[in-house]
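Note sheet for the following structure.
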Amino acid sequence: MVEYITMWRWSCWLIIIMLIFGSGSKVAESMRFDMHSGETKCISEDVKADTMSVGSYSIVDPIKGDPNVTVRVTSPHGVSYHYGDKVEKGTFAFTASENGPYSACFWSPMHEPPLTTIVEFDWRSGVEARDWSNVAKKGNIEAMEIELRKLSVTVRNVHAEMYYLRDREEEMQELNRSTNSEMAIMGFLSLVVCVSVAGLQSWHLRNYFERKKLL
């Protein structure tokens, strides 16, 4: 048990180090994808509760006067956070109310002749969702202080992640205890059934041999 707790602590510290050093070098890049007429494409992002998330999308070389893409951003339980019908571009921002995969779905209606639409999409969550350049301009903040603020936000996110992992670990341990108890009960019942069947077979054979006067 002590070794397990020690390994868990080392794992947590390793996660902290990786996130802190990775946050400074991570660069959020937009993506591009093709959509054909009548096709739906969904992109998911795992967002934690109380985390800010922002995104933007635009159609590359849209048809003039005929935007043909519909966009909807939803939570893991289907709550709509953004909806755009036949748009060329747009943005969305929200603070997640629950943990889980949030989805941004793009849909292009049927068209004759068939069309291929190129969509440029950018989605950022957590530290990357903050516009640090505007924060610096409004507060007249030096570059070093901006980096320290980024690091502070990252540490808070890591702290929340550790609590989340601890809660999940407790849930898994409770599930394991419940499963072990059920397996023990099932094993005991199986043993009782086997012994009962063996006893009945022995009793039946003994009566059979006695009736035939073989015993």
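Remember, predicted model here, so these are calculated numbers, not experimental data. We're numbering straight along the sequence, starting at 1. Side chains are part of it too, since the values below use all heavy atoms of this structure and drop only hydrogens, waters and symmetry mates.
- Taking Glu170 as the reference, nothing meets the salt bridge (charged side-chain N to carboxylate O under 4.0 Å, His left out) condition, with sequence neighbours excluded.
- Between His77 and Tyr102, the distance separating the two ring centers is not shorter than 6.0 angstrom.
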Could you list the donor-acceptor pairs under 3.5 angstrom formed by side chains in residues 35-47, with sequence neighbours left out?
residue	atom	partner	partner atom	Å
His36	ND1	Thr116	OG1	3.1
Ser37	OG	Leu115	N	2.8
Ser37	OG	Leu115	O	3.2
Glu39	OE1	His36	N	2.9
Lys41	NZ	Asp34	O	2.8
Ser44	OG	Ser103	OG	3.3

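- Applying the side chain to side chain donor-acceptor pair (under 3.5 Å) test to Thr74 and every residue at least two apart in sequence or in another chain returns nothing.
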Before you tell me yes or no, could you show the steps for Thr179 and Met183 under side-chain contact (heavy atoms from CB on, under 4.5 Å), namely the whole-Å CA-CA distance, both residues' side-chain angles and the distance that decides it to 0.1 Å? CA-CA 6 Å; Thr179 303; Met183 291 297 295; 4.2 Å; yes
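- Using cut-offs of 30° and 60° for the angle between ring planes, the Phe92 and His82 rings count as tilted.
- Listed by chain and number, the residues in a side chain to side chain donor-acceptor pair (under 3.5 Å) with Glu120 are Arg32 (sequence neighbours excluded).
- Between the side chains of Glu98 and Ser75, at least one donor-acceptor pair of N or O atoms lies under 3.5 Å.
- The side-chain contact (heavy atoms from CB on, under 4.5 Å) search around Val197 returns Val193, Gln201, not counting sequence neighbours.
- Of the N and O atoms on the side chains of Thr70 and Asp85, at least one donor lies less than 3.5 Å from an acceptor on the other residue.
- No single ILVMFWY cluster, assembled from side-chain heavy atoms under 4.5 Å apart, contains both Val195 and Met186.
- The shortest heavy-atom contact between Ser108 and Thr117 is OG-OG1, 4.4 Å.
- Between Glu171 and Arg168 there is a salt bridge, since at least one side-chain N of the basic residue sits less than 4.0 Å from a carboxylate O of the acidic one.
- Under a hydrophobic-cluster definition in which Ile, Leu, Val, Met, Phe, Trp and Tyr are linked whenever side-chain heavy atoms come within less than 4.5 Å, directly or via other members, Ile59 and Phe33 are assigned to the same cluster.
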Before giving the answer on salt bridge (charged side-chain N to carboxylate O under 4.0 Å, His left out), spell out for Lys48 and Asp50 the whole-Å C-alpha distance, their side-chain angles and the decisive distance to 0.1 Å. CA-CA 6 Å; Lys48 294 178 178 58; Asp50 300 324; over 6 Å; no
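- Glu174 is linked by a salt bridge (charged side-chain N to carboxylate O under 4.0 Å, His left out) to Arg177, counting only residues two or more places apart in sequence or in another chain.
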